[in-house]
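To start, the structure itself, in structure tokens.
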Amino acid sequence: MEMGYLVSRALACELSPRTVFARKNYFYPDMPKNYQISQFADPVGVNGRIEIPLSSGGTKWVRIHDCHLEEDAGKMIHAGDLTLLDYNRAGVPLLEIVTEPDLCSGEEAEDFLRYFQRLVRYLGVCDGNMEEGSLRCDANVSINVPGAGLGRKVEVKNLNSSRFVRLALEYEAGRHAKVLDSGGTVTQETRLWNENRDMTVTMRSKENSQDYRYFPEPDLPPFMPDGDFLSRV
């Protein structure tokens, strides 16, 4: 909890005076108990922002929608026609940071991740090693159609390097453009990055929040930080 509030503070979020956990119900093979403890209505922090340096020069402000705590799922390893399941990290506390759609290219997303990696290392909350799974990225992408705003989004899941984030977003932006230019419709789904073929592949159809059937976690009381806690943060 303290590390979650610390990162939220560093991202200039409004810190929640009362945070509540919920159960997010779904079945994936990497979470065998059929629900995930998460935060939905009352996350640790909301409405933050961070200024990041851009590799192209200058800086950019990125808004933070929220920072919320949840438990990690296991790791799925796809090998040919087999899927292996590693449950070692299932249930471990995880802090998820959700940005607003302020990043306009794969390059900017890579810049954001590299800066955020330095931030968590400076704060001492995480070693930031993406190749070891300490820091991972789920990248959402959609094409901004002139006059119509953001289109239907696609999520590329569990990217473990900032370079793969850039490549995956560039590939997806190009794929969306081809679909729309041909008169097609982009399907809302979750995809994976295939680093051997430099392309994304379909993983599963994308759920909406109502599909998760959130309800209050009955075994964890609300957390209300006191003055001492907040002064440490």
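Owing to the predicted nature of the structure, the values given are computational and were not obtained by experimental measurement.
Ion pairing of E2 with R232 is present here, as a side-chain N (NZ or NE/NH1/NH2) and a carboxylate O approach within less than 4.0 Å. A salt bridge links K33 with E71: the closest approach of a Lys/Arg side-chain nitrogen to an acidic carboxylate oxygen falls below 4.0 angstrom. For E51 and K60, the salt-bridge test fails: no basic side-chain N is under 4.0 Å from an acidic carboxylate O. Between D72 and R136 there is a salt bridge, since at least one side-chain N of the basic residue sits less than 4.0 Å from a carboxylate O of the acidic one. Checked for salt-bridge contact, K153 and E155 miss the test: no charged N lies under 4.0 Å from a carboxylate O.
Put simply, NZ on K178 and NE2 on H176 are 12.0 Å apart, with the number rounded to the nearest 0.5 Å. Between the CG atom in N160 and the CD atom in E131 there is a gap of 8.0 Å [rounded to 0.5 Å]. Distance check: L15 CG to S8 OG gives 6.0 Å after rounding to the nearest 0.5 Å. Here the straight-line distance linking atom CG of L150 with atom OG of S142 works out to 4.0 Å at 0.5 Å rounding. The SG atom of C67 lies 11.5 Å from the CD atom of E14; values are rounded to the nearest 0.5 Å. Taken from OG in S38 to NZ in K24, the straight-line distance is 5.5 Å, to the nearest 0.5 Å.
Side-chain contact, S134 with D127: a donor N or O sits under 3.5 Å from an acceptor N or O. For the residue pair Q39 / T19, a side-chain donor-acceptor distance below 3.5 Å is found, with atom types taken as modelled. Side-chain atoms of N34 and R23 form no donor-acceptor pair, as typed in the model, at a separation below 3.5 Å.
Residues E108 and L54 meet the side-chain proximity criterion, which asks for heavy atoms closer than 4.5 Å.
At distances below 3.5 Å, at least one donor-acceptor pair connects side-chain atoms of R191 with backbone N or O atoms of T200. Without hydrogens or angle criteria, D138 side chain to N158 main chain gives a donor-acceptor distance under 3.5 Å. The closest donor-acceptor contact from the side chain of S16 to the backbone of R18 lies under 3.5 Å. Judged by distance alone, with hydrogens and angles left aside, the side-chain atoms of N25 form a donor-acceptor pair with the main-chain N or O of R213 at under 3.5 Å. A donor-acceptor contact shorter than 3.5 Å links the side chain of N194 to the backbone of R197.
The minimum heavy-atom distance linking Y87 with P29 is given by the pair OH-O, 2.9 Å. Across all their heavy atoms, A12 and R49 have their closest contact at CB-O, 3.7 Å.
Between W193 and Y171, the angle of the ring planes goes over 60°, which puts this pair in the perpendicular group of the 30/60° scheme.
Side-chain rings of Y35 and F215 stay apart, their centers remaining 6.0 Å or farther from each other.
No continuous path of ILVMFWY side-chain contacts below 4.5 Å connects L94 to V165, so the two sit in separate hydrophobic clusters. Side-chain heavy atoms closer than 4.5 Å link hydrophobic residues (I, L, V, M, F, W, Y) into clusters, and following such links, possibly through other members, connects I37 to F223.
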